Amino acid sequence: MGLLTYLLTLPVAPVRAVTWVAQRVVDQAEEEYYDPAPIWRGLAELEQQLLRGEIDQETFDRQEDELIDRLEEIAAFRQQLPSVEE
């Protein structure tokens, strides 16, 4: 049955290939979007800007809140992912 199945599904092979590539692109985009490292660097840089006097406390608070919200979004996303061990 393997050869017959292969022959019958051969015409949809390009569709499966495109689907596979698209899924890899989505996976990579999610990995980059949900990476907390740039957010932590942004928080550190924001603090340095405040200490150097480049921004005021109000700007710092607003931008810090945005970055912390982003970290919370990342944490929530990562909790939804299935465990690697499963």
Side-chain angles (χ1 to χ4, degrees):
M1 199 61 140
L3 179 60
L4 181 60
T5 302
Y6 175 76
L7 291 174
L8 291 174
T9 60
L10 190 59
V12 296
V15 173
R16 284 192 302 235
V18 169
T19 302
W20 181 84
V21 169
Q23 186 59 49
R24 298 297 78 76
V25 170
V26 167
D27 292 345
Q28 182 63 33
E30 283 182 347
E31 184 177 323
E32 289 179 20
Y33 183 75
Y34 291 109
D35 181 11
I39 308 302
W40 287 113
R41 284 192 298 271
L43 283 168
E45 176 59 30
L46 189 62
E47 183 177 19
Q48 290 302 314
Q49 289 176 343
L50 179 65
L51 294 175
R52 290 189 301 256
E54 296 172 3
I55 59 174
D56 62 1
Q57 185 67 43
E58 182 180 327
T59 302
F60 173 82
D61 290 340
R62 184 175 29 80
Q63 291 181 1
E64 181 188 41
D65 287 343
E66 291 171 6
L67 291 171
I68 290 173
D69 289 344
R70 206 41 206 108
L71 283 173
E72 290 172 354
E73 178 185 354
I74 290 169
F77 176 79
R78 289 179 177 235
Q79 287 179 348
Q80 294 174 356
L81 291 178
S83 174
V84 175
E85 297 173 359
E86 291 181 1

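As the structure is a computational prediction, the values presented were derived from the model and not from experiment.
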Reported CG-to-CD distance for the pair D56 and Q49, which is rounded to 0.5 angstrom: 11.5 Å
Distance-minimising heavy-atom pair for I74 and P36: CD1-CA, 3.9 Å
Where at least one partner belongs to residues 25-35, residue pairs that pass salt bridge (Lys or Arg N to Asp or Glu O under 4.0 Å), sequence neighbours excluded: R24-D27
Heavy atoms from other residues, nucleotides or ligands near CD of Q57 exceed 12 (cutoff 6.0 Å): yes
Point-to-point distance, once rounded to the nearest 0.5 Å, from CG of L50 to CD of E64: 9.0 Å
Residues that E47 engages under salt bridge (charged side-chain N to carboxylate O under 4.0 Å, His left out), provided they are two or more places apart: none
Check: T19 side chain, V15 main-chain N or O, donor-acceptor pair, under 3.5 Å: yes
Any Q23 side-chain heavy atom under 4.5 Å of W20 side chain: no
Residues R52, E45: salt bridge by 4.0 Å N-O rule: yes
From CZ (R62) to CG (L67), nearest 0.5 Å: 11.0 Å
Inter-residue atom distance I68.CD1 - L43.CG, 0.5 Å rounding: 6.0 Å
Point-to-point distance, once rounded to the nearest 0.5 Å, from CG of D61 to CG of L46: 9.0 Å
Where R78 and Y34 come nearest, the two heavy atoms and their spacing: NH2-O, 3.0 Å
Side chain to side chain contact (heavy atoms under 4.5 Å, CB included) partner of R70, chosen from E72, E73, E66: E73
Which residues share a ring-ring contact (aromatic ring centres under 6.0 Å, His included) with Y33, sequence neighbours left out: none
